[in-house]
Structure formats: structure tokens, C-alpha cells
Amino acid sequence: MSCRSLIAAAGTLLLALTVPPAVALVLPGTGPHVMAAARAGTVDARVAGPALAAGLALPALMVTVPLAAVLSRRFPARAVLPAGLACLAAGLIGVRFAGTVPQVATARLLQGAGAGIMLPASLVLVWQRRGRVLAAVWAGSLVAGLLVATPLALHAAARGGDRAAAPFLWPAAAALPAAALPAAALPAAALAALAAAVLCLAGRNEPLPASKHAERSQIVLPAAPAAGLAFLAVASAQDWSPGARLLVGCVALAAALGPALAAARDAAVGSPLSCAVVMVTAGLLTFPLAGPLAGPLAGPAGEAGTLLPFGAGGAAALAGALLAAALTGRGVRAAVPAGHALVLVAALAALLVPFPPRPPLLAAVLVPLGLGVGLALAASLRDARVGAALFGLGVCFPAVLAGQLMALSLQAGRWQQVGPDTAGERLSVLAGGYRQWLVLACALAVLLAVAAWRPARRPARGSARRAAAPSDGAEAVSAASAG
């Protein structure tokens with residue numbers, strides 16, 4: 001292996017470890033409004049201007065991902081990635097100097113758009129290395145980022161608000177794990193992603209087969225419903241009732257799961273192990289399931305002990321993904337339903353423990369959750385072509401929005417019914433709404449397991465098998481030539 005190939009491999013590994021968490025860390029707000037929303041349960045029917053502005057990152061990311069996925073297949077991905085990094089950096093710097101709500105909104109839109117550009121480009125660069133371990137690391141990093149994003153954002157807010165997220169305040173943070181500096185998690189991940197991008201630009205990556213018109217047309221399809229959902233998400237924050245927002249969440253879930261099921265056997269974006277359906281699982285049952293557990297535990301002191309269970313869940317996600325990379329034969333096919341079963345176990349455990357759970361009990365929820373989603377996602381990517389993986393990304397973040405709207409709407413409904421006055425009553429209301437969401441999450445985990453299992457139990461099309469992407473050795477070379 002040449003020196004340039006080694007540099008590219010090192011850069012791709014760093015990219016797989018840093019870009020997905022950096023993207024996930026964009027989803028929650030990073031200012032004092034996040035802490036205020038967490039303490040109030042984010043259930044007020046009237047959403048404050050700063051909180052609404054901070055929430056614009058997810059709609060921007062949803063719309064950008066399918067468009068950036070097409071660009072990453074049409075043009076060199078290592079040229080698309082720096083554009084996303086520049087956009088994200090502009091958003092991070094803009095947050096530091098934002099003094100009005102429109103300025104905060106613009107900065108958050110830039111962050112969401114930059115993250116939406118970076119994620120598909122990083123996935124294509126991982127696919128160019130044609131290694132199942134790299135693909136597994138990328139999948140595990142994405143799940144880990146979704147699990148730890150909310151607690152890291154809340155601790156950042158507790159330690160200094162938006163100004164703690166300025167990237168140039170932490171020039172040495174790229175060499176440290178993001179969890180080591182909670183208040184600098186997003187800029188640390190962004191700087192590490194920048195270092196990875198430089199290595200990828202300096203190295204040599206083998207190009208993927210040119211994308212065809214049918215593949216590009218399918219990949220961009222989620223952009224249209226994502227744009228509609230982005231509008232509904234922003235509109236529903238304006239004095240809509242909890243029931244109306246719950247309906248928007250159901251529409252978002254249908255918009256994510258419907259195309260995923262329709263594409264399950266498609267020659268261009270389908271995959272034998274239902275990659276798109278598992279992407280919906282990852283979006284719906286990680287960030288929205290783990291996030292509400294972090295809010296009541298956050299405090300001005302920023303206790304490290306409350307971060308450890310989330311870190312354990314993230315580590316379990318990486319371990320599950322690497323386990324999927326090591327499996328062979330029937331083990332890979334069984335990993336997807338096994339992962340969903342672990343998610344169901346995690347949701348049932350969350351139903352049984354007190355709210356908010358103490359760190360040991362919290363770890364009992366987050367570890368099986370991370371392990372299950374990481375295992376299922378990495379296994380579903382094993383025999384998927386790059387078009388299927390990019391299409392799955394397009395439906396993943398509408399599922400994140402669906403889960404967020406469902407969880408918060410159920411809590412908001414109970415809040416309006418009870419009208420709590422004391423801190424104990426508020427915590428009880430939040431616990432009741434969260435448990436309603438957990439019951440719904442259990443049902444959705446079973447539904448998604450069945451949806452992922454049905455295409456997997458049928459023999460895959462020959463074209464999908466020949467175009468399978470992350471594999472090793474001669475099989476990968478033949479797959480690339482067949483594409």
C-alpha cells in the first residue's frame with residue numbers, strides 16, 4: 001500500500017469517527033434556551049423565539065442531506081466535504097456573534113446545512129475504501145452521536161451558553177475526545193473532522209462507479225417530503241396544540257417509513273437487509289428516546305457522572321457495529337432483528353426504572369439501546385450499495401423529527417391537562433408523558449423489526465448482491481466493476 005493510500009485510510013477512519021458525531025451534535029441547541037427548555041420540560045405551548053431559532057438546524061439538515069447525497073455521487077465527495085465543513089464553521093462562528101433571534105436562526109440554519117452536506121460526503125468517502133470495518137465504525141459513530149448529543153448540549157449550556165461553542169476558543173480540542181470537554185463537544189468534533197478532511201484530500205481514494213440517473217433520482221426523492229416536514233415542524237411550533245403536533249409527528253413517521261418500505265426491493269436504492277428501514281429505526285429510537293432522559297439530570301454544576309451512562313451507550317453502539325462487521329453468513333442476517341430486540345429491551349427497561357433514573361439504571365437503558373441500534377445499522381450496511389445507504393440517510397432525519405415531535409407532544413399534552421405548580425409535580429408530568437412515548441416506542445420497535453425482516457427473509461436480487469458495497473478483498477473489487 002502506497003503512502004498516499006495509507007494517509008487516505010487514516011483520514012477515512014478519522015472521518016468515520018468524527019463526522020457523524022459532529023453532525024449529531026448540531027441537532028440540539030447549545031445555548032441557555034436549551035437549559036431553560038430542559039428544566040421546563042420543553043412542553044410549553046408557546047415556544048420562545050430563541051428556542052425556535054435553535055430548532056431550525058434539524059429542518060435544514062433534513063432538506064440538505066438528500067441534495068448533498070446526490071452531489072456526493074455526482075462530484076468527488078472529498079470536494080463536497082470541505083464545503084460542508086465551511087458551512088458548519090460559519091454557523092459555529094455566527095452563533096458566537098449572534099445578538100438577535102434572526103441572527104441565531106441564520107447561524108443554526110448554516111450549522112444544519114453544513115452538517116447535512118458533511119454526512120453524505122463522509123459516507124461516500126467511507127464506501128470508497130471498501131472496508132466493512134470502516135463502514136461499521138461510521139455506523140457506530142452515528143448512533144453514538146445521536147445518543148450523547150443532548151446531554152453534551154445541556155452540559156455546554158450549563159457551563160457557559162452559546163459562547164462556549166465558538167470553535168476558535170478550543171484550538172487544541174481536536175486531539176481530545178469530545179466527551180472530555182462537554183462544553184466544547186461540537187467545535188472539538190468539527191476540528192477533528194477538519195483534520196480528517198485534510199488527510200483525505202492529501203491521500204488517494206479509489207473512486208466509486210459513476211452514479212446512474214435512476215440512482216440519483218431515487219436518492220433525491222426524500223428531499224420533497226423533508227421540505228414539507230420542515231415547514232410543518234416550524235409552523236407547529238407556533239401555538240399549535242399538542243394533539244396537532246403529535247399528528248405532525250405521525251405524518252413525519254409515515255413520510256420516513258413509507259419510502260423506506262417502498263425502496264426495500266428497489267434495484268437502485270434497495271438492500272437485502274433493509275438498510276433504509278434500519279436507518280428509520282436509528283433516527284426514531286435513539287435521539288428522541290435518550291434525549292428526554294438527559295434533561296432532568298442536567299444541572300448548572302455539569303456533573304460528569306450523568307454523562308458516563310450516555311458515554312457507555314455510545315461505546316456500546318461502536319461495539320455493536322464492530323460485532324456486526326465480524327459476523328458472517330446467517331449471523332449478519334440475524335443481527336438486524338437481534339438489534340431491534342435489544343432496542344425493545346431498552347424501552348421496556350426505561351418503563352420499569354424511576355424517572356429520571358440514577359446513572360447505573362440509566363446505563364441499563366442506554367447500553368442495550370446503543371448496542372442494538374449499532375448492531376442493526378452496521379449489519380444492514382454490510383450488503384448495501386452506496387445508493388441504498390445514501391437513500392437511508394435521507395429518511396433517517398425525518399424519523400428523528402417524528403420521534404421528537406411525538407415525545408414532546410405527549411409530554412405537552414399531560415402538562416396542559418395537569419397544570420403542575422411544584423417541581424415534584426412537573427417531574428411527575430414529564431415522567432408520565434415520557435412513559436407514554438416509551439409505550440409507543442415499544443410498539444414502533446416491533447413494527448420496524450417486522451418491516452426490516454420481511455425483505456431480508458426473501459432472496460435478494462442479483463443486481464443488489466453484485467453491487468454490494470462494503471466488503472473486503474476481491475469481492476469488493478468485483479462489486480465495484482459490476483456497478
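Model, not experiment: these values are computed from the prediction.
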Evaluate side-chain contact (heavy atoms from CB on, under 4.5 Å) for Gln436 paired with Leu440, printing each intermediate quantity in order.
CA-CA 6 Å; Gln436 287 180 335; Leu440 181 57; over 6 Å; no

Indicate the atoms forming the closest heavy-atom contact of Ala388 with Gly270, along with that distance.
CB-O, 3.5 Å

Say whether, by atom type as modelled, one donor and one acceptor occur between the side chain of Thr150 and the main chain of Gly291 under 3.5 angstrom.
no

Looking at Gln411 and Leu430, would you say the former's side chain and the latter's main chain have a donor-acceptor pair under 3.5 Å?
yes

Do Phe391 and Cys275 make a side-chain contact, defined as non-hydrogen atoms from C-beta onward lying under 4.5 Å apart?
no

Between Leu273 and Val278, is there a side-chain heavy-atom distance shorter than 4.5 Å?
no

Answer yes or no: is there a donor N or O on one side and an acceptor on the other, between the side chain of Ser141 and the main chain of Ala16, under 3.5 Å?
yes

Just by distance, do the side chain of Tyr434 and the backbone of Leu410 share a donor-acceptor pair under 3.5 Å?
no

Taking atom types as modelled and ignoring hydrogens, do the side chains of Gln111 and Arg108 form a donor-acceptor contact shorter than 3.5 angstrom?
yes

When rounded to the nearest 0.5 angstrom, what distance separates CD in Gln128 from CG in Leu134?
12.0 Å

With a 4.5 Å cut-off on side-chain heavy atoms, are Leu257 and Leu447 touching?
yes

Would you say Arg435 and Val439 make side-chain contact, with heavy atoms under 4.5 Å?
no

Which atom names give the shortest non-hydrogen contact between Ala402 and Gly249, and what distance separates them?
CB-O, 3.4 Å

Heavy-atom side-chain contact between Pro66 and Leu221 under 4.5 Å:
no

Run Leu438 and Leu289 through side-chain contact (heavy atoms from CB on, under 4.5 Å) and show every step you take.
CA-CA 8 Å; Leu438 287 174; Leu289 207 65; 3.5 Å; yes

Minimum heavy-atom distance Thr12-Leu125, with the two atoms named
CG2-O, 3.8 Å

Would you call Arg73 and Val386 a side-chain contact if the rule is heavy atoms closer than 4.5 Å?
yes

As a quick check of understanding, evaluate side-chain contact (heavy atoms from CB on, under 4.5 Å) for Leu119 and Phe397, giving each step before the final call.
CA-CA 12 Å; Leu119 193 60; Phe397 292 96; 3.5 Å; yes

For a quick test of reading the model, state the closest non-hydrogen atom pair linking Val343 to Gly372 and the distance between them.
CG2-C, 4.3 Å

Is there side-chain contact between Phe287 and Pro28, with at least one heavy-atom pair below 4.5 Å?
yes

Nearest heavy atoms of Trp127 and Arg385, plus distance in Å
NE1-C, 3.8 Å

Rounded to the nearest 0.5 Å, how far does CH2 of Trp437 lie from CG of Leu444?
6.0 Å

Val124 vs Val80 side-chain heavy atoms within contact, under 4.5 Å
no

Please evaluate residues Leu15 and Val126 with respect to the criterion side-chain contact (heavy atoms from CB on, under 4.5 Å), reporting the C-alpha separation (whole Å), side-chain torsions for both, the decisive distance (0.1 Å), and the verdict.
CA-CA 8 Å; Leu15 207 67; Val126 166; 5.6 Å; no

Nearest 0.5 Å please: distance from the CG atom of Leu123 over to the CG atom of Leu381.
7.0 Å

From Leu56 CG over to Leu110 CG, what is the distance, rounded to the nearest 0.5 angstrom?
11.0 Å

Nearest 0.5 angstrom please: His340 NE2 to Leu375 CG, how far?
10.5 Å

In short, Val367 meets Ala312 closest at the heavy-atom pair CG2-CB, 4.0 Å

Hey, could you give me the CG/CG distance between Leu109 and Leu61, rounded to the nearest 0.5 Å?
11.5 Å

Donor-acceptor contact below 3.5 Å, side chain Trp240 vs main chain Ala235
yes

